[in-house]
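A short worksheet on the structure shown next.
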Amino acid sequence: MPFPAHRPRRLRSSESIRNLVRETQLAPSQFILPLFVCPGEGVRKEISSMPGNAQLSIDNLVKEAQACVSLGIGGVILFGIPAAKDEQASGAYAADGITQQALRALKREFPKLLLITDVCNCEYTSHGHCGFVKDGEVDNDATLGWLTKTAVSHAEAGADIVAPSDMMDGRVAAIRKGLDTAGYLNTPILSYAAKYSSVFYGPFREAAESAPQFGDRRSYQMDPANAREAMREIALDLEEGADMIMVKPAMPYLDIIKQASQRFDVPLGAYQVSGEFSMIMAAAQNGWLDLNRTIIESLTSIRRAGAGFVLTYFAKTAAELLA
Ligand code: PBG
């Protein structure tokens with residue numbers, strides 16, 4: 001006999017009851033803030049499509065990291081914008097590359113702040129593709145060497161976790177071998193295991209100056225139509241030695257997050273990408289959505305789907321809202 005014996009509204013009747021029965025909790029430690037680092041001094045170059053985000057020179061990056069430490073957020077993920085790009089992505093794995101310099105500065109200032117690095121080539125290649133281009137195609141196996149060198153140089157400079165986002169086959173195994181050979185046995189790999197070829201990366205490509213100069217990324221990033229293939233990608237990365245996995249983007253792919261969390265017993269992250277951020281900001285700036293409530297609801301939905309942690313441009317604001 002359901003109603004009137006059962007009245008679900010009883011458990012919603014006050015803030016204290018709602019707090020008691022809430023199934024999904026948010027905490028600053030679950031948020032990772034993406035940061036863009038560029039050469040120079042005193043640089044803060046706003047990214048027009050991502051209000052509040054900017055390319056930062058190392059001095060300003062350090063200030064931003066101080067705010068992250070004060071707010072207790074889980075960590076930061078670094079994207080480098082090099083002074084010059086070339087066909088070999090040499091800035092990606094240079095010992096004194098922009099990301100490597102930033103890592104050294106941050107590690108020195110904030111030894112406890114978790115430093116994750118995006119391991120990819122698209123910000124460093126003149127053509128903007130994520131790998132070595134041969135006859136107009138991205139050559140998978142030739143790219144693995146670059147990724148390995150990049151990951152090792154990041155670990156050497158102080159990265160706590162390396163996160164390959166290129167979607168080459170076999171990159172996790174190559175990077176694991178490279179790290180182990182170099183003595184970084186304890187540096188975990190967070191694999192962007194299920195990364196879709198998504199229109200939602202548009203604003204990021206302005207931020208990181210990494211738009212492909214010809215073609216698109218559909219020969220390496222996943223088709224948005226595929227879910228079972230995501231499970232296969234994740235399984236392969238785990239076999240190759242990934243310690244943690246990620247689904248990206250987040251809100252349009254909650255079903256993938258859910259399936260991955262039910263299937264794989266490893267830490268799972270989700271990336272609320274630039275386009276997700278910019279859509280919410282645009283609507284808020286128009287007065288169409290309440291910004292703070294949208295931030296909390298979107299992050300809650302991503303966590304509820306099964307993500308343990310979220311890479312989000314809202315990391316600082318969300319932490320402030322939870323304080
Ligand atoms: C690098 C990379 C991209 C993003 C993270 N790492 C861009 C791309 O694949 O084109 C996107 C992040 C975002 O949109 O916020 N390959």
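Excluded from the calculations below are hydrogen atoms, water molecules and symmetry mates; all remaining heavy atoms, backbone and side chain alike, are included. In this chain, residues are counted from 1 in sequence order. What you are looking at is a predicted structure, and each value in this text was computed from that prediction instead of being measured.
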Under 6.0 Å from the [atom1] atom of [X], do we count more than 12 heavy atoms belonging to anything else shown?
X: Glu320; atom1: CD; answer: yes
X: Gln213; atom1: CD; answer: yes
X: Arg9; atom1: CZ; answer: no
X: Glu23; atom1: CD; answer: no
X: Arg293; atom1: CZ; answer: no
X: Asp265; atom1: CG; answer: no

Does [X] reach the side chain of [Y], with side-chain heavy atoms less than 4.5 Å apart?
X: Ile58; Y: Ile98; value: yes
X: Leu71; Y: Pro28; value: no
X: Val69; Y: Glu109; value: no
X: Phe204; Y: Phe79; value: yes
X: Leu56; Y: Val62; value: no
X: Ser197; Y: Asp216; value: no
X: Leu190; Y: Ile77; value: no
X: Phe214; Y: Val133; value: yes

Verify, without hydrogens or angle tests, whether [X] (side chain) and [Y] (backbone) share a donor-acceptor contact under 3.5 angstrom.
X: Asp160; Y: Leu115; answer: yes
X: Asp135; Y: Glu137; answer: no
X: His129; Y: Gly136; answer: no
X: Glu156; Y: Ala151; answer: no
X: Thr24; Y: Thr300; answer: no
X: Glu240; Y: Val172; answer: yes
X: Gln101; Y: Asp96; answer: yes
X: Ser57; Y: Gly42; answer: yes
X: Lys316; Y: Cys68; answer: no
X: Arg303; Y: Ala307; answer: yes

Starting from [Y], can I reach [X] by hopping between I/L/V/M/F/W/Y residues whose side chains sit under 4.5 Å apart?
X: Met167; Y: Leu268; result: yes
X: Phe309; Y: Val266; result: yes
X: Tyr313; Y: Leu322; result: yes
X: Leu114; Y: Val310; result: yes
X: Leu185; Y: Met244; result: no

Establish, yes or no, whether the cationic atom of Lys45 lies under 6.0 Å from the six-membered ring centre of Phe36 and within 45° of the ring axis.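 Cation-pi check for Lys45 and Phe36: fails.
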
Where is the tightest heavy-atom contact between [X] and [Y], given as atom of each residue plus distance?
X: Phe31; Y: Ala319; answer: CE1-N, 4.2 Å
X: Met279; Y: Phe200; answer: CE-CE2, 3.6 Å
X: Thr187; Y: Ala159; answer: CG2-O, 4.4 Å
X: Gly131; Y: His127; answer: O-CE1, 3.3 Å
X: Pro224; Y: Tyr196; answer: CA-CD2, 3.4 Å
X: Phe132; Y: Thr143; answer: N-OG1, 3.0 Å

To the nearest 0.5 Å, what is the distance between [atom1] on [X] and [atom2] on [Y]?
X: Ile280; Y: Thr294; atom1: CD1; atom2: OG1; result: 6.0 Å
X: Leu321; Y: Ile295; atom1: CG; atom2: CD1; result: 6.0 Å
X: Ile256; Y: Met222; atom1: CD1; atom2: CE; result: 6.5 Å
X: Ile73; Y: Leu113; atom1: CD1; atom2: CG; result: 7.5 Å
X: Arg22; Y: Leu11; atom1: CZ; atom2: CG; result: 12.5 Å
X: Ile47; Y: Ser274; atom1: CD1; atom2: OG; result: 9.5 Å

Checking Gln221 against Ser198 for the side-chain contact (heavy atoms from CB on, under 4.5 Å) test, could you report, in this order, the C-alpha distance in whole Å, the side-chain angles of both residues, the deciding distance, and whether it holds? CA-CA 8 Å; Gln221 299 180 346; Ser198 173; over 6 Å; no

So Leu61 and Leu78, side-chain contact (heavy atoms from CB on, under 4.5 Å) or not? Walk me through it. CA-CA 10 Å; Leu61 182 78; Leu78 296 180; 4.2 Å; yes

How far apart are the C-alpha atoms of Tyr220 and Met168, what are their side-chain angles, what is the distance that settles it, and do they pass the side-chain contact (heavy atoms from CB on, under 4.5 Å) test? CA-CA 7 Å; Tyr220 40 105; Met168 296 302 120; 3.8 Å; yes

Compute whether any side-chain donor of one residue and acceptor of the other, for [X] and [Y], lie under 3.5 angstrom apart.
X: Ser298; Y: Glu276; value: no
X: Ser48; Y: Glu206; value: yes
X: Thr125; Y: Asn121; value: no

Looking at [Y] and [X], is any side-chain nitrogen of the basic one under 4.0 Å from a carboxylate oxygen of the acidic one?
X: Glu233; Y: Lys195; answer: no
X: Glu229; Y: Arg232; answer: no
X: Glu87; Y: Lys134; answer: no

Can you confirm whether or not the ring centre of Tyr271 sits under 6.0 Å from the ring centre of Tyr253? no

By salt bridge (charged side-chain N to carboxylate O under 4.0 Å, His left out) - contacts of Asp237 (at least two apart):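 Asp237 satisfies salt bridge (charged side-chain N to carboxylate O under 4.0 Å, His left out) with Arg171 only.
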
